[in-house]
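Each remark here refers to the structure printed beneath this line.
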Amino acid sequence: MNTLILALVAGAVIGLALGALGGGGSVLAVPALIYLLDFSPTSATTASLIIVTATSATALYAHTRDGTVAWKTGALFAAAGVVPAFLAGAAAGRLPAVALTLAFGLIAALSALRMLRPSGAEPPDRIRPGRAAGAGAGLGAVTGFLGVGGGFLAVPALVSVLGLRMRQAVGTSLLVITVNSLAALTARTGTGADLRWEVIAPFTGAAILGAWDGKRLASKITGRTLQKIFAFVLLGVAGFMLIDAVL
């Protein structure tokens with residue numbers, strides 16, 4: 001299949017997942033770039049950061065109009081992740097391809113299992129700054145290292161650690177993801193990653209458009225059903241990547 005068509009289809013599917021689920025869809029960007037579009041693991045994680053940043057920033061604008069972004073809380077959470085995202089982004093460009101593939105497969109499996117498990121996150125009685133800083137730093141490190149947005153980690157953390165309601169946590173997570181992705185992307189500047197803009201640009205455009213369609217899809221199918229479908233697909237992808245890394 002033509003590379004441009006593959007980029008458009010992959011971007012649309014990932015954007016659809018992002019728009020419908022409010023997080024977690026970007027974890028498919030890296031395997032799509034590696035196995036469908038022939039990117040190396042290092043280049044794929046860098047390209048994914050570009051796609052995640054642009055898509056998250058666009059979705060953040062939509063949530064801002066709906067008033068579902070807690071700017072002060074999100075800024076503090078994101079600030080804790082900036083340095084870890086930068087350091088992890090710099091380190092990832094120097095790791096062997098097999099190590100990145102293995103780590104990504106494990107994170108993808110974790111993401112899928114987290115989606116299959118009903119959320120037990122409840123707003124805390126009081127906010128603990130230490131836990132909030134630790135959660136923010138951990139999310140930043142995952143974003144920088146693997147080039148994923150980390151919405152599947154950010155949303156429950158914002159609910160259980162910082163006391164946001166689910167709808168507000170989804171909108172605020174996009175602010176955190178955008179900031180962390182930019183920090184990681186800055187760290188990867190000049191690392192020699194092969195960025196094929198003729199693929200990245202249409203992929204990103206299709207993901208942004210797909211996210212808007214995903215929001216409409218979510219109104220027709222229950223979020224839990226969509227989440228289960230996506231989680232099983234992601235488990236399959238994770239299993240394939242882990243086998244590929246080992247063999």
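Computed from a predicted structure; not experimentally measured. This chain uses plain numbering: 1 for the first residue, then up along the sequence.
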Answer yes if [X] and [Y] sit in the same cluster of Ile, Leu, Val, Met, Phe, Trp and Tyr residues linked by side chain heavy atoms under 4.5 Å apart, and no otherwise.
X    : Y    : answer
V237 : I107 : yes
L242 : F240 : no
Y61  : I51  : no
L106 : I243 : no
V30  : L6   : yes

From [X] atom [atom1] to [Y] atom [atom2], the distance as rounded to the nearest 0.5 Å:
X    : Y    : atom1 : atom2 : answer
L36  : I5   : CG    : CD1   : 13.0 Å
S173 : H63  : OG    : NE2   : 7.5 Å
I50  : I200 : CD1   : CD1   : 4.5 Å
S56  : I177 : OG    : CD1   : 5.0 Å
N180 : L175 : CG    : CG    : 9.0 Å
L49  : L185 : CG    : CG    : 5.5 Å

For [X], enumerate each residue passing the side-chain hydrogen bond (donor to acceptor under 3.5 Å, both in side chains) test, keeping only those at least two apart in sequence or located in another chain.
X    : result
T45  : R188
Y35  : D244
T101 : none
S40  : S43

Please give me the minimum heavy-atom distance between [X] and [Y], naming the atom from each residue.
X    : Y    : result
A207 : T55  : CB-OG1, 3.8 Å
A183 : A85  : CB-CB, 4.1 Å
S48  : L33  : N-CD1, 3.9 Å
A80  : A133 : CB-O, 3.6 Å
A32  : I14  : CB-CD1, 4.3 Å
A47  : F39  : CB-CE2, 4.0 Å

Item to check | Results of side chain to side chain contact (heavy atoms under 4.5 Å, CB included) for T64 - residues two or more places apart only | outcome: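 Scan of T64 (side chain to side chain contact (heavy atoms under 4.5 Å, CB included), adjacent residues dropped) gives L60, V69, W71.
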Checklist entry - Does the pair L8 and F203 meet the rule for a side chain to side chain contact (heavy atoms under 4.5 Å, CB included), with working shown? => result CA-CA 5 Å; L8 290 171; F203 194 118; over 6 Å; no
Checklist entry - When you measure from the side chain of D66 to the backbone N and O of T68, does any donor-acceptor pair fall under 3.5 Å? => result no
Checklist entry - Under 3.5 Å, is there a donor-acceptor pair between the side chain of T172 and the main chain of A70? => result yes
Next on the checklist: Taking side chain to side chain donor-acceptor pair (under 3.5 Å) as the cut-off, I'd like each qualifying pair that reaches into residues 73-88, sequence neighbours left out, listed once.
Outcome noted: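 Side chain to side chain donor-acceptor pair (under 3.5 Å) check on residues 73-88 returns no pairs.
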Next on the checklist: Less than 4.5 Å apart, side chain to side chain, heavy atoms only: is that true for M241 and I34?
Outcome noted: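 They are in side-chain contact.
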